[in-house]
Each structure stands twice: as C-alpha cells, then as structure tokens.
Amino acid sequence: QLKDNTIIIVLGASGDLAKKKTYPALFGLYKNGFLPRDVHIVGYARTKMDEAEYHKRTTGYIKVPEGDSETQAKVEEFKKLSSYVSGGYEDGPSFDNLNKYLESIESKYQSKERNRVFYLALPPSVFIPVAKNLKEHCYIAKGGINRIIVEKPFGKDTDSCRELLKALKEHWTEDETFRIDHYLGKEMVKNLLVLRFANIAFSSGWDKNSISNVQITFKEPFGTEGRGGYFDEFGIIRDILQNHLLQVLSILTMERPVSFAAEDIRDEKVKVLRAIPPVERSDTLLGQYVAANGKPGYLDDDTVPHNSVCPTYAATTLWIHNPRWEGVPFILKAGKALNEAKVEIRIQYKDVTQGIFKDISRNELVIRIQPSEAVYLKFNTKTPGLYTRALPAEMDLTYKRRFADIHIPEAYESLILDALKGDHSNFVRDDELDVAWKIFTPILHWIDGLSGPRPKPVPYPYGSRGPKELDPFIAKYGYKRSTEGYAWPVTNVS
Ligand code: BG6
C-alpha cells in the first residue's frame with residue numbers, strides 16, 4: 001500500500017471519463033479514508049482553465065445528498081488537495097513543467113519517500129507519447145514507486161494490441177502497469193470467486209454434466225447519442241464483449257486458482273481463454289438500432305457516417321474446449337438502445353429426467369451484476385396444498401433487501417484502491433489481452449470488411465428487447481424459457 005507522500009496524476013483531467021468516473025471515485029475513496037495520508041491529486045490536460053473551472057468540472061459529478069453538510073465539507077477539503085496543470089501530450093517541455101510542479105509538492109514532504117500514480121484517462125491516439133513522456137520526464141528514478149493506470153481501448157485487434165503493448169512496455173514494466181477493465185471492479189463480478197469456490201452446493205454442478213447453456217447479457221437503454229464518432233470506429237464487440245463480458249466469462253469458467261494471488265488468478269483466466277477458439281460467423285447475430293418511439297436511430301446520429309453498418313447489438317456464442325465445459329454454449333450478448341439497463345449472468349441447468357415429471361421448468365442461477373445486485377436460483381417446489389405438482393419458485397438474495405445498510409463501492413473506487421495497494425488481481429495482464437483478441441479478431445475483421453463484403457446488421461427498434469432474430473438464436477443453443485406459471489412472488493410477510 002502506498003501510504004504517504006503519494007501524488008495521483010490524472011492525465012486527461014478535462015475529459016468525460018475523468019469527470020464522470022475518475023474524480024468521483026477518488027472522492028469516494030477520500031471521503032471514506034482510503035486515500036494515502038497527505039495525498040495530492042494533480043489534473044493534467046491540454047485545456048487551459050483556472051482552478052475554479054477545474055474544480056467545477058472535477059466535482060460536478062460527485063453526488064452530495066441534499067442537506068448533507070458533512071459530505072459537502074469533504075468536497076471542499078477534496079478540492080484543496082487537488083490542482084491543475086495544463087500542457088501538451090506530445091512535447092517533452094510540457095512534461096518537464098509537470099515534473100517541476102510535482103517536485104514543488106514533494107519538496108514539502110517530511111521524509112524522502114515519493115510515490116507517483118499516473119492515471120491515463122486519455123484517447124488512444126496519445127497513449128504512447130504520454131507513456132513515453134511520463135517515463136522520460138516525470139519518472140522517479142530512485143526512492144519511490146511509479147505506477148501507470150491505463151484504460152481501454154487496447155488496440156483494435158490482435159496485431160494492433162500487440163503493437164500497443166510493445167510500445168508501452170518500452171517504458172513501463174508489467175509490474176508498474178495496471179490495465180483497467182472496470183467490470184472487474186464491480187461487486188458482483190468480484191463475488192464470483194466466492195460464489196463459485198466457497199460453495200460446494202454450486203461448485204459441484206458447475207460443468208457440462210449439469211449446465212445446459214449460459215448467457216452473459218449487457219443491456220443499455222440509450223444509444224450512442226454524441227459518442228457516435230468513437231463508437232462507430234469500434235462497435236459493440238470491441239466496446240463490451242471482447243473486454244467486459246469476456247472478463248466475466250473467464251472468471252465464471254476458470255478452474256479454482258491455487259490462491260487469491262494476482263498471478264494465480266490470472267494464470268487460470270488465461271488458461272480457460274486459451275481453450276476458446278475464435279468465434280464463428282454462424283455463431284453470431286449482429287444488429288443496429290433504428291428510430292422508434294420518438295427516439296433516433298443509430299444512423300440519425302450526426303457523428304455517425306450515414307451508411308454505417310457498425311453493429312450496436314451483438315450476440316455471439318463461445319465454446320470452451322476443455323473437459324469441464326465441452327459442448328456448453330456461452331452466449332455473450334450486448335446492445336445499446338434497448339428496453340432496459342441490465343447486466344446479468346444466467347446459467348440454465350439441464351432438464352431433470354422426465355418420467356415422474358413432464359415439462360417442468362429448468363433450474364436457473366442468475367447473478368445480476370446491475371442494477372440492484374442479486375443472486376437468485378429458480379427451482380421447483382411442490383405446489384402448496386393438496387396437489388403434487390411442481391411449481392417454479394426462487395431463492396432470492398437481493399442485496400438491497402439482505403444488506404440494507406451497506407454501501408457498494410463504485411467499480412472505479414475499488415480498482416483505484418487496488419492500484420494504490422499494488423494488487424494486480426483485478427487488472428488485465430498482457431497475455432490475457434492477447435488471447436481475448438484472438439477470440440474476436442476474425443469476426444471483427446469480417447465485420448470491418450477485411451475478409452470480404454461487410455455483413456449487414458439486422459435492424460431493431462430503439463427501446464426494444466433487441467433484434468427479433470434473438471429468440472430463435474438463443475433457442476438454437478438449447479435455451480428453454482420457463483414453463484407457464486412462473487411469476488415473482490408477491491409476498492407480504494406480516
Ligand atoms: C464502457 C463502454 O466501457 O462501459 C460504454 O465504453 C458503456 O459504451 C460502459 O456504456 C458501461 O459501463 P457501466 O459501468 O455503466 O455498465
């Protein structure tokens with residue numbers, strides 16, 4: 001843990017990510033006493049702005065409940081330890097200037113120890129010059145720790161990712177580098193290790209003998225609105241599936257690590273990912289949203305080329321060739337402009353042997369990542385009363401109800417704290433990225449038109465469940481809807 005004398009430098013401090021995620025997370029940590037003692041935060045970006053403007057931008061997304069003077073006071077304290085330097089990303093002298101500023105803060109330290117954590121909330125075009133300039137102009141050569149936190153996109157396919165990693169590695173070691181996939185900081189994703197390995201009841205049926213199919217679903221109720229320029233270059237597979245959903249899949253399916261140590265966990269994740277062949281075209285469904293219910297279609301976004309065939313929805317089925325999972329389809333699906341906000345894992349078990357039962361619902365274990373974290377198991381029970389009929393019911397652990405008073409930290413809070421501690425478990429290792437890209441590169445090249453004509457995504461209305469082709473797509477892999485009669489309980493216990 002970096003205790004004293006630490007400066008966190010946020011590069012790209014004037015951008016969206018910094019404003020919406022990085023600064024609110026830093027504040028969350030500060031408020032709860034998790035930042036190192038005497039910490040300083042230094043924002044850096046090209047924009048020229050005074051301190052007042054900087055504070056306005058960086059605290060604008062911090063939620064202060066009405067009348068909560070304690071939090072408001074903390075915000076004021078937080079502003080005092082945060083300051084701003086403007087400068088270019090490509091030129092050395094700007095970074096010399098930043099370094100001088102950092103040294104002026106450090107000159108007031110009581111001891112010689114100095115630590116610098118560089119957080120790159122930057123567009124990919126400047127990753128490499130910034131990483132290089134930081135190393136050449138702002139790196140503490142002796143008597144301190146340097147760390148660099150980087151954000152996706154890590155390239156666009158296997159080759160470009162390798163080039164990027166190679167260029168970054170010329171300046172920063174793997175040990176100093178923390179690659180964020182913010183899904184790894186989410187409470188329910190972190191819970192997977194415990195759910196799986198601390199429960200015999202779950203772990204004993206966690207394989208092809210019991211499980212029929214698995215769906216990992218990401219749904220967002222809004223479109224690209226304004227972010228079309230970035231999105232159109234990447235598409236939904238690079239934006240969500242190749243990173244966030246694949247990370248979830250790897251923890252869900254890996255073998256038990258020898259320990260909780262970062263390298264033990266990441267070794268197991270890489271091992272299972274290596275057992276996944278590249279996604280087949282026939283296992284892919286692509287969609288693009290169109291105008292509906294007064295909402296604009298993807299192509300109506302001014303920042304999107306008018307003839308774009310970029311997918312805003314994708315469902316892909318992955319197969320794992322190892323003894324535990326052979327033959328089980330893992331359906332990863334993600335879409336923008338859908339009917340709701342939801343991220344969940346749905347594990348559907350096989351049918352029980354027919355005979356005494358006919359057409360009863362399958363068991364399903366659902367892990368809801370957001371919103372409203374929950375784990376619930378759908379199972380069959382006898383209809384209460386004078387019948388012997390199976391009725392689908394559920395065991396439900398909804399966090400809000402069960403852990404009413406606890407605060408679930410934001411993903412970024414948890415990850416920044418891990419980076420301060422030097423714990424790499426929830427960050428993406430270089431070889432993990434490489435295998436992740438290998439799984440998706442052929443399908444991405446197909447979508448990009450690099451291996452023939454570009455596929456045309458099927459349309460789906462803004463605000464719908466997704467393309468109408470989705471239900472048959474999922475059914476093809478053996479997913480069965482629950483039989484009639486399943487309903488959430490409405491029980492008022494008095
Ligand atoms: C980002 C994507 O990585 O994740 C966005 O680039 C997406 O397109 C976001 O909206 C979703 O994150 P969360 O935490 O809101 O589920």
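Counting starts at 1 for both ligands and their atoms, following the listed order.
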Does Tyr183 come within less than 4.0 angstrom of ligand 1, counting non-hydrogen atoms of the residue?
yes
Within a 6.0 Å radius of atom CD on Glu176, are there more than 12 heavy atoms belonging to other residues, nucleotides or ligands?
yes
Please could you name the atoms of ligand 1 that Lys152 approaches to less than 4.0 Å, counting only its heavy atoms?
1 (C), 2 (C), 3 (O), 6 (O)
More than 12 heavy atoms of other residues, nucleotides or ligands under 6.0 Å from CZ of Arg274: yes or no?
no
Tell me, which protein residue and heavy-atom name are nearest atom 3 (O) of ligand 1, and how many Å apart are they?
His244 NE2, 2.7 Å
With atoms numbered from 1 as shown, which atoms in ligand 1 lie under 4.0 angstrom from a non-hydrogen atom of Arg227?
5 (C), 6 (O), 8 (O)
Charged tip of Lys156 within 45° of Phe234 ring normal and under 6.0 Å:
yes
Could you label the plane-to-plane angle of the Phe218 and Tyr183 rings as parallel, tilted or perpendicular, counting under 30° as parallel and over 60° as perpendicular?
tilted
Relative to the heavy atoms of Lys336, which atoms of ligand 1 are at a distance of less than 4.0 Å?
5 (C), 7 (C), 8 (O), 10 (O)
Between Phe154 and Lys152, is there a cation-pi geometry (under 6.0 Å to ring centre, at most 45° from the normal)?
no
Would you find more than 12 non-hydrogen atoms of other residues, nucleotides or ligands less than 6.0 Å from Lys79 atom NZ?
yes
Atom 15 (O) of ligand 1: which protein heavy atom is closest, and how many Å away?
Gln370 NE2, 4.1 Å
Give the atoms of ligand 1, by number and element, whose distance to some non-hydrogen atom of Lys186 is under 4.0 Å.
13 (P), 14 (O), 16 (O)
What's the shortest distance from atom 8 (O) of ligand 1 to any protein heavy atom, and which residue and atom give it?
Asp239 OD2, 2.6 Å
So for ligand 1, is Tyr230 a polar contact partner (N or O within less than 3.5 Å, distance only)?
no
How far is atom 12 (O) of ligand 1 from its nearest protein heavy atom, and which residue and atom is that?
His182 NE2, 3.1 Å
Heavy-atom count check: over 12 atoms from other residues, nucleotides or ligands less than 6.0 Å from Asn307 CG?
yes
Between Tyr30 and Lys74, is there a cation-pi geometry (under 6.0 Å to ring centre, at most 45° from the normal)?
yes
Does an N or O from Glu220, backbone or side chain, lie closer than 3.5 Å to an N or O of ligand 1?
yes
